[in-house]
Amino acid sequence: MEEPAAASALEARGDLRSALPFLPVVLRGGALFWPPAAQESLRALALGPDVSRVASGDVLADALTDLRLALALPALPPRAADGLALFFDDLLSRAQARGWFSEVVPNLARLLLRLPTLLEDHYAKAGHGASGLRVMASQDAGVVLLSQELVAALLTCALFCLFPTAGRAQACLPTINFDGLFAPLIHNARQSQEQKVRCLVHYFERVTDSMPTGLVSFERKVLPRRAFSDGVPYPDIHAWVASSAPLCQFTVFSSGFIEDEEQEALQVDFANKYLGGGALSWGCVQEEIRFMINPELIVGMLFLSCMEDNEAIEIFGAERFSQYMGYGSSFRFVGDYLDTKPFDSMGRRRTRIVAIDALDCPARLHYESGCLLREVNKAFCGFFDQSKHHLYAKLFQDLHNKDDFSSINSSEYVGVSTGNWGCGAFGGNPEIKSMIQWIAASQVEEKPLLI
């Protein structure tokens, strides 16, 4: 008698209903399934190349087209198919290619066969402040908590190009399938594109050899345009002018990388308003590189729509898998990285990455009050923890003595590790952007700024 109730509970979940159009599985009779033809193809892949005959990039591309057709998706784009063949048949060493097709691909297929169960378990456990996997639209603040195993299964769907694409543009969701990552390999002189793929291939080799067991949370942070009783709204110019918060500690480094910061700190992702930017196409600057060495970040691109001016995205727990050197066209994968960051009480690695998108402001627009307000509020949204709003009740009030301000300093002491945010292609002024981030960090529990 309990089974129908459990089934109807799954069908009634709003979070599942919002995500289902963008997932390759189907909901039937209160349970999630692969369509029969897709399941049969995955079972063949899981048995290895002796059964599936998938022992080359060329044949893998054909197999992925068959999987896509079984999901009522179009065939793999020709350039993506050619890129797959080029990478696995020509660019990868023969020894690594043999291991990929004999071990990694079958293990990935087995992981995908478990995807419906992993999703059902995920929705059954969702709660305690985090929803189940759902599309998080603009102004929809909240947290989604995923196991690293489920993240690996979703990334495998992206690798195999199995996510439906219909409706993603209308929902302001970025591209998630990897076809746009492989296609530029054809007739492209950029070695960095090949190196990006190598980072991701390394990730799949790692997780199929030893599946990580932690959790990763994805949070959409919103500063409401209107004041409400339980939170801090989007500050206007007058609120910033009236603030008497003292400036926090500010440390400047002439070298080093944000991801190598030894102190626990919010690590800033110089983000595109569409999370991930060009990570799954030709891009290879700060955000894209971070998404290659911490591939679990990519999963946020599945369900987090583009950010507006009063929004930021924080991802807590993403593991790093790769070492690299270079930047842009000089980017290179240089080997394995063993992440030794400790775990918090929820099972997340203590790596907190906050995505904030800067304005693309030419010339003197950087100095106009509207642009300055937008940028300081964007940084403040990223650095601020709305869930601890009660600690900030006096944030923008005149504070007459140090004791009053220290009373909001009682939560966990975490700094901000950042750099020349918006100062590359967007043409930002490094001094102005440093001061903007300094002001924003100073309003958030006096967090030290590391730049």
Side-chain angles (χ1 to χ4, degrees), residues 18-19 21-23 77 80 133-144 146 151 154-155 157-159 161 163-184 192-193 196 199-200 216-223 258 267-316 318 328 353-361 374-375 377-379 381-382 418 421-428:
S18 78
F22 304 104
L23 296 173
L133 178 62
R134 63 187 174 95
V135 172
M136 299 182 76
S138 178
Q139 310 305 310
D140 182 12
V143 180
V144 168
L146 305 176
V151 167
L154 294 170
L155 284 176
C157 289
L159 170 69
C161 303
F163 286 117
T165 56
R168 290 191 64 84
Q170 293 86 336
C172 297
L173 293 167
T175 298
I176 182 64
N177 287 326
F178 285 10
D179 53 312
L181 189 68
F182 284 96
S192 58
Q193 193 70 13
K196 287 169 61 179
C199 288
L200 296 175
V216 184
S217 65
F218 299 80
E219 179 182 5
R220 189 177 202 94
K221 306 170 81 168
V222 179
L223 287 177
I258 291 171
Q267 300 177 7
V268 177
D269 164 21
F270 304 162
N272 189 286
K273 69 177 182 178
Y274 285 90
L275 184 68
L280 300 184
S281 56
W282 49 264
C284 197
V285 289
Q286 196 259 6
E287 180 172 36
E288 290 86 2
I289 289 172
R290 195 66 198 267
F291 275 57
M292 295 302 104
I293 64 174
N294 292 68
E296 292 165 331
L297 299 172
I298 295 171
V299 167
M301 299 169 69
L302 172 64
F303 58 91
L304 288 159
S305 66
C306 69
M307 291 179 278
E308 293 191 5
D309 289 349
N310 63 330
E311 298 180 308
I313 291 169
E314 183 175 327
I315 302 174
F316 194 141
I353 298 169
V354 60
I356 51 175
D357 54 303
L359 284 175
D360 186 358
C361 285
R374 189 270 186 193
E375 298 296 76
N377 279 340
K378 173 64 71 167
C381 182
T418 185
W421 172 52
C423 297
F426 283 5

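Sequence positions, counted from 1, serve as the residue numbers for this chain. Owing to the predicted nature of the structure, the values given are computational and were not obtained by experimental measurement.
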Between [Y] and [X], is the closest basic N to carboxylate O distance under 4.0 Å?
X    : Y    : answer
D357 : K378 : yes
E311 : R220 : yes
D269 : R290 : no

Does [X] reach the main-chain N or O of [Y] with its side chain, forming a donor-acceptor pair under 3.5 Å?
X    : Y    : result
K273 : A358 : no
S281 : G180 : no
S305 : M136 : yes
S18  : V135 : yes
E288 : G283 : no

Roughly how far apart are [X] [atom1] and [Y] [atom2], rounded to 0.5 Å?
X    : Y    : atom1 : atom2 : result
R134 : D140 : CZ    : CG    : 4.0 Å
I356 : E287 : CD1   : CD    : 11.0 Å
E375 : L359 : CD    : CG    : 4.0 Å
Y274 : M301 : OH    : CE    : 11.5 Å
I313 : L304 : CD1   : CG    : 4.5 Å
M292 : L181 : CE    : CG    : 6.0 Å

Which atoms form the tightest heavy-atom contact between [X] and [Y], and what is the distance?
X    : Y    : answer
L133 : A19  : O-CB, 3.6 Å
F291 : G276 : CE2-CA, 3.6 Å
D179 : C161 : N-SG, 3.4 Å
A318 : L297 : CB-CD2, 3.7 Å
C284 : S192 : SG-CB, 3.9 Å
L280 : N177 : CD1-O, 4.1 Å

Decide yes or no on side-chain contact (heavy atoms from CB on, under 4.5 Å) for F163 and L302, but give the supporting numbers first. CA-CA 9 Å; F163 286 117; L302 172 64; 3.8 Å; yes
side-chain contact (heavy atoms from CB on, under 4.5 Å) for N377 and D309? Distances and angles first, verdict last. CA-CA 8 Å; N377 279 340; D309 289 349; over 6 Å; no
Side chain proximity check, F270 to T418, heavy atoms < 4.5 angstrom: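 The answer is yes, as the side chains (C-beta and beyond) meet within the 4.5 Å cut-off.
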Just so I know, are the side chains of E314 and V143 near enough to count as touching, which here means a heavy-atom distance under 4.5 Å?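 Heavy-atom side-chain distance check fails, nothing below 4.5 Å.
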List the steps and the verdict of side-chain contact (heavy atoms from CB on, under 4.5 Å) for F218 and F303. CA-CA 10 Å; F218 299 80; F303 58 91; 3.7 Å; yes
Report the C-alpha distance between E219 and I315 in whole Å, list the side-chain angles of each, state the deciding distance to 0.1 Å, and finish with yes or no for side-chain contact (heavy atoms from CB on, under 4.5 Å). CA-CA 6 Å; E219 179 182 5; I315 302 174; over 6 Å; no
